[in-house]
2 protein chains.
Amino acid sequence: MSRTPLHPAREQIELPMVLDCLRDPIRLAIVYQLAQQERVSSELCCGDFSGLGGKSNLAYHFAKLRECGLMQTRVAGTNRFMRLRREDLDARFPGLLDAVISSAARDAGRLQLLSDCEVVDAG
Amino acid sequence: MSRTPLHPAREQIELPMVLDCLRDPIRLAIVYQLAQQERVSSELCCGDFSGLGGKSNLAYHFAKLRECGLMQTRVAGTNRFMRLRREDLDARFPGLLDAVISSAARDAGRLQLLSDCEVVDAG
DNA sequence: TGTAATGTTCAATAGTTCTTGAACCAATTG
DNA sequence: CAATTGGTTCAAGAACTATTGAACATTACA
């Protein structure tokens with residue numbers, strides 16, 4: 001594993017690439033979970049998303065999320081800690097991230113936002 | 001040409017499909033132009049977008065925009081008039097459409113939002 | 001040093017999307 | 001009825017995307 005991977009600068013973040021990233025259900029679920037985590041101002045590592053797919057598939061989606069500027073990865077020992085690039089995104093596209101996340105929250109039942117173990121079938 | 005094409009009901013509009021539609025530069029440009037047209041409360045027909053691509057390619061993108069619920073098509077004689085499904089989208093995903101359109105407007109220079117004849121190189 | 005834990009990278013494959021041109025359909029106009 | 005206008009549909013090809021498993025790299029720890 002190389003060092004901290006490359007991230008685009010704020011001004012390099014492009015709207016079509018961001019929308020392209022958010023369109024995928026797995027990536028939307030990742031972003032959603034990162035947004036939930038923002039409330040307690042801490043980060044999540046790759047393993048926290050294991051409910052969403054296999055390791056290599058998740059690594060693929062993490063890379064896309066990094067490359068489009070949606071999230072940031074920090075290497076710490078054998079872990080990678082991730083968080084949303086909230087400030088950069090709000091500066092580039094005001095209101096977009098919040099609108100997507102709140103829309104996703106409203107449709108949480110339809111979307112597969114949570115890993116299986118967290119899904120509660122509100123019967 | 002058959003009659004008025006099918007449109008999904010409001011509750012059938014899905015977030016990933018909407019984001020999937022908006023991610024494509026041609027479709028984003030179509031939506032952007034429709035949003036501009038909203039101000040004068042009128043519609044646009046297919047030919048108004050000829051600067052964005054060939055007829056059959058545009059028809060393909062129009063179909064995607066209809067199927068995901070972003071726009072509505074009204075058949076009138078030999079024309080098809082289109083408009084954004086603003087009310088339905090605002091009800092389903094509050095703030096999303098506005099955030100996308102205003103973000104696109106800010107990046108109008110980078111994105112190919114306007115047909116060639118309309119592009120002004122602000123030198 | 002050896003082994004386990006955590007993720008990434010690579011190669012292969014299946015599936016999807018975009019684009020183009022030709023053919024087609026419906027409504028209008030002469 | 002024939003021609004034109006405005007737009008859709010179909011088929012085919014190129015390009016891209018997601019997914020999987022195997023191999024690999026780095027850190028931690030006994």
**Student:** dG7(C) P sits how many Å from Phe49(A) CZ, rounded?
**Tutor:** 10 Å
**Student:** For Arg80(A) and dT8(C), is the shortest distance between a side-chain N/O and OP1 or OP2 below 4.0 Å?
**Tutor:** yes
**Student:** How long is the span from the CE atom in Met82(A) to the CD atom in Gln33(A), to the nearest 0.5 Å?
**Tutor:** 10.5 Å
**Student:** Partners of Thr73(A) by side chain to side chain donor-acceptor pair (under 3.5 Å), sequence neighbours excluded?
**Tutor:** Arg66(A)
**Student:** Please list each protein N or O that sits under 3.5 Å from an N or O in nucleotides 13-15 of chain C, with the distance.
**Tutor:**
none

**Student:** Provide, to the nearest angstrom, the distance between the CZ atom belonging to Phe62(A) and the P atom belonging to dT6(C).
**Tutor:** 14 Å
**Student:** Could you write nucleotides 14-23 of chain D as a row of B, S and -, 5' to 3', where a protein heavy atom under 4.0 Å of any base atom gives B, of only sugar-phosphate atoms gives S, and otherwise -?
**Tutor:** ---SBBBBB-
**Student:** Considering residues at least two apart in sequence or located in another chain, which fulfil the side-chain contact (heavy atoms from CB on, under 4.5 Å) criterion with Asp98(A)?
**Tutor:** Arg86(A)
**Student:** Would you kindly give the CG-to-C1' distance between Leu28(B) and dC18(C), to the nearest whole Å?
**Tutor:** 16 Å
**Student:** Holding to side-chain contact (heavy atoms from CB on, under 4.5 Å), I want the full list of residues that pass it with Ala76(A), two or more places apart in sequence or in another chain.
**Tutor:** Arg74(A), Phe81(A)
**Student:** Just by distance, with hydrogens left out, do Gln72(B) and Arg83(B) show a side-chain donor and acceptor under 3.5 Å apart?
**Tutor:** yes
**Student:** To the nearest Å, how far apart are Arg74(B) CZ and dT8(D) P?
**Tutor:** 14 Å
**Student:** So, is Asn79(B) close to the dT5(D) phosphate, meaning a side-chain N or O under 4.0 Å from OP1 or OP2?
**Tutor:** no
**Student:** Can you list everything that forms a ring-ring contact (aromatic ring centres under 6.0 Å, His included) with Tyr60(A)? Sequence neighbours excluded, please.
**Tutor:** none
**Student:** Rounded off to whole Å, could you give me the CD-to-C1' distance for the Glu67(B) and dC18(C) pair?
**Tutor:** 14 Å
**Student:** In this structure, how many angstroms lie between the P atom of dT8(D) and the CG atom of Leu6(B), rounded?
**Tutor:** 14 Å
**Student:** Under the side chain to side chain donor-acceptor pair (under 3.5 Å) test, which residues partner Asn79(A), sequence neighbours left out?
**Tutor:** none
**Student:** Which residues pass the side-chain contact (heavy atoms from CB on, under 4.5 Å) test with Ser41(A), sequence neighbours left out?
**Tutor:** none
**Student:** Find the distance Asp48(A):CG to dA5(C):C1' and express it as a whole number of Å.
**Tutor:** 14 Å
**Student:** Find the distance Met71(B):CE to dG7(D):C1' and express it as a whole number of Å.
**Tutor:** 12 Å
**Student:** Please list, chain by chain and in numerical order, all residues satisfying side-chain contact (heavy atoms from CB on, under 4.5 Å) with Ala35(A), sequence neighbours excluded.
**Tutor:** Glu38(A), Leu84(A), Ile101(A)
